[in-house]
Amino acid sequence: MINYNHTVFVFLLLSLGIFKLGSCSANNVTVKCIKSEREALVRFKEGVIDFPGKLSSWVGEDCCQWKGIECDNESGHVTMLNLSNPAGRHRHFDYHERYQYYTLSKSRTVCEICNTYSRPSRSLLGDVDASLSGNFNVSLSGKISPYLGNLSSLTHLNLEGNYNLSTRNLDWVSSLSSLEYLYMGGVKINHTNADWLHAINMLPSLLELSLYSCELEHLPSSLNSLNFTSLHVLDLSYNPFTTSIPRWLFNLTSLTNLDLSFSNQGGVILDSFGSLGSLEYLYLGGNHFYGSIPASIGNLSSLKELDLSYNEMNGTIPKSFGQLSTLVKLYLLENSWEGVITKAQLMNLISLEEFVLTTNNKSQPLVFNVKYDWRPPFKLKILHLESCRIGPEFPKWIQVQSELTNVILKNVEIKGTIPEEWFSMISSNLAQLDLSNNQIKGNLPHQLVFPNVTKLFLQSNLFSGPIPSNISDLMPSLQYLDLSENLLYGKIPLSISKIKQLNILVLRRNNLSGELPHQWNESQKGLRVVDISYNNICGKIPSSMGFLGNLSILVLSNNNLSGEIPSSLQNCSIVSMDFGGNHLSGNLPSWIESNIFMLRLRSNLFSGTIPRKWCNLHKLRILDLAQNNLFGGIPNCLNNLTAMVDHNIVGYKPIENYTEKASIMRKGREMEYDRTLPLVTCIDLSGNNLTGEIPFEITSLTRLDTLNLSMNHLSGNIPKNIGNLHLLETLDFSNNKLFGPIPKSMSSLTFLVHLNLSFNNLTGRIPSGNQLQTINDATMYKGNPLLCGSPLPTKCPGDETSDDPTIIGDEDKQNGNDYERIWFYASIGLGFVVGFWSVCGTILLKKSWRHRYFRFCDDIKDRVALLIALKVVHLKRKFGLEKS
Ligand SMILES: *[C@@H]1O[C@H](CO)[C@@H](O)[C@H](O)[C@H]1NC(C)=O
Ligand SMILES: *[C@@H]1O[C@H](CO)[C@@H](O)[C@H](O)[C@H]1NC(C)=O
Ligand SMILES: *[C@@H]1O[C@H](CO)[C@@H](O)[C@H](O)[C@H]1NC(C)=O
Ligand SMILES: *[C@@H]1O[C@H](CO)[C@@H](O)[C@H](O)[C@H]1NC(C)=O
Ligand SMILES: *[C@@H]1O[C@H](CO)[C@@H](O)[C@H](O)[C@H]1NC(C)=O
Ligand SMILES: *[C@@H]1O[C@H](CO)[C@@H](O)[C@H](O)[C@H]1NC(C)=O
Ligand SMILES: *[C@@H]1O[C@H](CO)[C@@H](O)[C@H](O)[C@H]1NC(C)=O
Ligand SMILES: *[C@@H]1O[C@H](CO)[C@@H](O)[C@H](O)[C@H]1NC(C)=O
Ligand SMILES: *[C@@H]1O[C@H](CO)[C@@H](O)[C@H](O)[C@H]1NC(C)=O
Ligand SMILES: *[C@@H]1O[C@H](CO)[C@@H](O)[C@H](O)[C@H]1NC(C)=O
């Protein structure tokens, strides 16, 4: 019985199999690909490197069975070739990704103006492409065979997202006369080729054309006659065009979708766009357009999405805007909008769901001037307004928005309180709430549950009262919490250490008191940033913080913390530790790991010696141990701090989406750094009880901009090669017991703006020349009775005649002026570096190009330094010649 059953079963299986086989062969009898077309496909395959095996099915005679190919059932002609890499498709409104490209293209312009930096290499753009393409591994590479032009019945050709694919020209495309859909985004088209459009113009059936990121530079301005008038979709975004939008484009009246974002277009947006009456999607972001939005925009009666972000629009938004009743998404990020938005522009936007407008016009920000109790026709999901004025009262038209998921109302001049009813109305859908940089008063809501809020930014307001003690119940999904710069008081609730997803916690500059929460545990493994600085927190640093294995940035400065640094912190991944301005004591933590970038322990009660082990901190850029009770010598292995030597080592690895702030003493005063923090390289050991000599190894740290060893008991000579520290801006050796001469090399410190050698026992002639000449001030040499020469009144032996101003006064003057001019250039250079960072530094650096970026800044600084040095040499030579 059992055997019989088995047999029946096997028989059933076999017959099923046979049935399947039968149906399969029945299929491939009818379709057989055409030999010449198979040939063309084989040639294509031969021309590309098929690393992921995308073309592995391309074997056998019948090409119609190959993956990515479709043939016509009757004729057997190939009608579709689809080898796209979907990960490579760029996404709209994803400015997290796009912003990078934007800043790169902007920095290129800045640099070209400055003439200090040529175009970024193709590989730099390649990096950006890589971030857009998501995954290179699924991309084909190599050259497209022109034999593809033999697929004469092709209607669909899709190779987009293959960023390593290239083609010499598009001539082969011109013979694909049935083509309706052509997608080649990401494929490099030889940019010297100006004729690509003529090939396209041979395709009268074309409906969709997508050539984003093809490195096209030429957009022909004239066409004799337009063949592809049925075109619906045109995407030419991310191409570095050197020519402007041609007139013929406005004859494409069937267009529903036009994307020219990041295509290097400028000027005033023409009114002609109004002639493209079928447009539903219009993307013009990331260009250099200026002026106002043309009134003709009101003619686009089908418009659903409009993006003008990242342009230089410095005009107004016209009243006709209010006619766009189909508009769903409106993105007007980062322009210099002016004027007033009234009811007229908003009145009929009945479909609007996403409203994003930020302005960088500081002098005359855009003002919303609608009656307080006006009720709009739209129900928004995303509302992002930044740096315009919607206050002082929190307007009704926002109060009635009940379906919001993302709210960013940053720096919009709201004063006073926000009704709790609004919070309760939106609390269940809300994912992100940013009300930062206003003057909002009142307590934080203590009753409302925001189940899905991941980001809460309320910094820089006037919120007062305590942080809700049950915050982990109210906002269980919180990832990023920033309540800094408010008037919050009371204790930090213990429940904060129960928010499992918490990533970044910033409570800086409030009046919080009590002890730090001490119930941290391993379940909070996502916590990477904790900044509770500038409060009144007392007690010890809880050793349970050691459970936070991914904690990278820990800022507890300017509180009343005492006790020792718990050694459990060595289980964290600290890259930045700022405990300055507390009452911490004990020895310095010698267990600090080699990944640390900033170690700031100034103004505490630490004692003992500086651990020799710290010489292994090869990423350290900021070492601030000032104002403690440290004794012993300065380790003579500091030359091992390679991040202060080697320009290629990136000390600071920014935490994504977070900009650290720290106060650093530079140029004789304390300043708060944020975006420029990664540029600071400093050693401050001042105000301790250090003895011994200044180790000469310190002169290897050629990256240092600040070296402060003042107020110690150091003796011996100033290292002879101190001039090696050619980027030094601040040098303070005052109040020590140094003796011997001031090394001549000091005069090669061309960036020096703050020098103090007072109260030592230095001897001999003060070196002169270069930068030393411009910061000439007797006080910096004070308290060294055996020094002589300018700027001190004490003359050096034998100086009486040559120092007579009446003899060489003119020359001296000229000399000084020249040096001043050089310093002026140098400051411009530095200003550029800093300015560049305040523009570009805001963005969230991506791993792929971060390194290059940092090196770029270094390069600029170096170049300026080099430029100055060369000029100095040149001048020296000039003067040498004149004297001889
Ligand atoms: C049908 O295709 C199968 C597998 O590709 C092949 O083995 C078979 O020989 C084909 N039949 C004919 C009639 O071509
Ligand atoms: C691009 O075109 C120019 C001129 O036709 C040619 O000299 C050059 O070799 C081409 N470059 C590539 C990569 O095909
Ligand atoms: C328009 O397309 C047809 C068919 O491909 C072609 O013969 C003709 O030359 C094209 N016209 C122009 C101006 O390119
Ligand atoms: C565009 O249309 C205008 C008329 O609306 C016509 O004069 C012009 O020749 C057309 N241009 C092209 C390139 O077809
Ligand atoms: C807008 O910017 C352009 C180009 O920079 C300038 O010519 C124009 O005067 C500006 N307009 C206004 C209103 O500021
Ligand atoms: C919270 O988010 C999840 C998915 O992210 C969603 O399914 C759920 O409906 C949201 N809850 C509320 C109350 O909106
Ligand atoms: C300095 O670095 C070298 C090699 O990188 C290493 O061998 C040496 O031990 C280091 N010295 C100290 C004191 O850390
Ligand atoms: C940073 O912000 C972007 C955009 O808001 C988001 O997609 C990304 O997940 C964030 N990264 C982290 C680590 O929070
Ligand atoms: C500095 O060290 C000396 C001995 O080396 C000691 O007498 C003195 O008290 C110390 N000063 C401070 C401020 O610690
Ligand atoms: C300063 O140095 C001179 C010799 O260089 C020495 O005679 C003198 O005693 C020193 N003064 C002090 C206060 O150390």
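These figures come from a predicted structure and were not determined experimentally. When a ligand or atom number is given, it counts from 1 through the structure's own listing order.
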- request: Step by step, work out the side-chain hydrogen bond (donor to acceptor under 3.5 Å, both in side chains) result for Asn257 and His232.
  value: CA-CA 6 Å; Asn257 189 325; His232 282 57; over 6 Å; no
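What sits closest to atom 7 (O) of ligand 5 on the protein, heavy atoms only, is Tyr290 CE1, 4.6 Å. Counting protein heavy atoms only, atom 11 (N) of ligand 3 is closest to Asn227 ND2, 2.8 Å. Counting only heavy atoms of the protein, atom 13 (C) of ligand 5 lies nearest to Asn314 O, 4.0 Å.
Using 4.0 Å as the threshold, Asn224 has no heavy atom nearer than that to any atom of ligand 3. Ligand 3 lies nowhere less than 4.0 angstrom from a heavy atom belonging to Ser177.
Heavy atoms of other residues, nucleotides or ligands lying less than 6.0 angstrom from OH of Tyr147 number 12 at most. Annotation for Glu70: atom CD does not count as buried by contact number, only 12 or fewer foreign heavy atoms lying within 6.0 Å.
By the 4.5 Å heavy-atom criterion applied to side chains, Leu234 and Glu208 are not counted as neighbours.
The presence of a protein heavy atom under 4.0 Å from atom 5 (O) of ligand 5 is ruled out. For atom 2 (O) of ligand 10, the protein comes within 4.0 Å by at least one heavy atom. Closer than 4.0 Å to atom 9 (O) of ligand 5 lies none of the heavy atoms of the protein.
In terms of polar-atom proximity, Asn761 is counted as a contact of ligand 10, with an N or O under 3.5 Å from an N or O of the ligand. On a distance-only criterion, Met202 and ligand 3 share at least one N/O pair closer than 3.5 Å.
The nearest pair of heavy atoms linking Glu334 to Asn360 is OE1-ND2, 3.4 Å.
Judged purely by atom type and a 3.5 angstrom limit, Asn721 has no side-chain atom pairing as donor or acceptor with the backbone of Asn724. A donor-acceptor contact shorter than 3.5 Å links the side chain of Asp235 to the backbone of Ser237.
Checked against the 2.5 Å cut-off, the SG-SG distance between Cys71 and Cys63 does not fall under it.
Of the heavy atoms in Asn201, both backbone and side-chain atoms come closer than 4.0 Å to ligand 3.
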